[in-house]
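A short worksheet on the structure shown next.
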Amino acid sequence: MNDIAKRLAGANAGGVYQLAIEPREIERAAAEAGLATFRVDIHHVHGKADFLALLAKAMRFPEWFGGNWDALADVLTDLSWHEAPGYALVLEKSKHFGAGHKEEFAAAMDVMGFVAEQWRAQGKPFWVFVSGAQGWDSGLPKWPAASR
């Protein structure tokens, strides 16, 4: 298992990060680590409703998904409809949503952070990686962190 896959598979791993490598590298490493991986292009998201609908479709949320932030937390902390040893969600082309809809983007990332904490407490990794145009800074910590 490569180093990235090992880091992704860690029981105390997970969180919400801005991706500092190519999304396909994460996808390969997550597959190697046995994580369920979802890549979602959010380039055309124009707010909360668009984000939630796109995520629900891409991740095949169950019918009971309520379409609000609380329901997002509920569905992502359950995931009984998609059992796996851990999860990786890659939100690609995030600049438009992240820079143009800052409050909604921040709310979405807060929910994702909460979900990652809940899974970490259960010993399962839950990762959310945000990627965007080169030079765009989402304000999230970078992953993997730059060498010091």
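Predicted model, so just to flag it, every value in this text is computed and none were measured. We use all heavy atoms of the structure for the numbers below, so side chains are in, but hydrogens, waters and symmetry mates are not.
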Out of curiosity, does [Y] fall in the hydrophobic cluster containing [X] (side-chain heavy atoms, cut-off under 4.5 Å, transitive links)?
X	Y	result
Val128	Ile42	yes
Phe126	Trp69	yes
Phe61	Met112	yes
Trp81	Leu35	no
Leu19	Leu55	no

Taking side chain as C-beta onward, heavy atoms only, is [X] less than 4.5 Å from [Y]?
X	Y	value
Arg7	Pro144	yes
Leu91	Met109	yes
Phe65	Leu52	yes
Val16	Val115	no
Pro125	Leu8	no

I need the minimum non-hydrogen distance between [X] and [Y], along with the two atoms involved.
X	Y	answer
Gly14	Ala116	C-CB, 4.5 Å
Ala29	Ile4	CB-CG2, 3.4 Å
His43	Asp41	N-OD1, 2.9 Å
His44	Asp50	O-OD2, 4.0 Å

Is the ring centre of His82 less than 6.0 Å from the ring centre of Phe38? yes

Establish, yes or no, whether a centroid distance under 6.0 Å links the rings of Trp127 and Tyr87. no

Any salt bridge linking Lys124 with Glu83? Criterion: basic side-chain nitrogen under 4.0 Å from a carboxylate oxygen. yes

Check: [Y] main-chain N/O paired with [X] side-chain donor or acceptor under 3.5 Å:
X	Y	value
Gln18	Trp136	yes
Lys142	Asp137	no
Glu27	Arg39	no
Trp119	Gly15	no
Asp78	Asp74	no
Ser94	Gly132	no

Between Lys48 and Glu103, does the salt bridge (charged side-chain N to carboxylate O under 4.0 Å, His left out) criterion hold? Intermediate values first, please. CA-CA 9 Å; Lys48 175 183 173 181; Glu103 288 182 24; over 6 Å; no

Under the criterion side-chain contact (heavy atoms from CB on, under 4.5 Å), I'd like the reasoning laid out for Lys57 against Val40: C-alpha separation, chi angles, the key distance, then a yes or no. CA-CA 10 Å; Lys57 182 178 180 183; Val40 184; over 6 Å; no

Parallel, tilted or perpendicular: which describes the rings of Phe105 and Phe97, with under 30° parallel and over 60° perpendicular? perpendicular

How are the rings of Tyr17 and Trp143 set to each other: parallel, tilted or perpendicular (split at 30° and 60°)? tilted

List the steps, then state whether side-chain contact (heavy atoms from CB on, under 4.5 Å) holds for His46 with His101. CA-CA 7 Å; His46 294 286; His101 306 274; 4.2 Å; yes

For the pair Met59 and Leu89, evaluate side-chain contact (heavy atoms from CB on, under 4.5 Å) and give the outcome as yes or no after the intermediate values. CA-CA 9 Å; Met59 294 182 73; Leu89 172 59; 4.1 Å; yes

Using a 6.0 Å cut-off, check whether atom NZ of Lys93 has over 12 heavy atoms from anything other than its own residue. no

What's the separation between atom OG in Ser131 and atom CD in Glu22, rounded to the nearest 0.5 Å? 8.0 Å

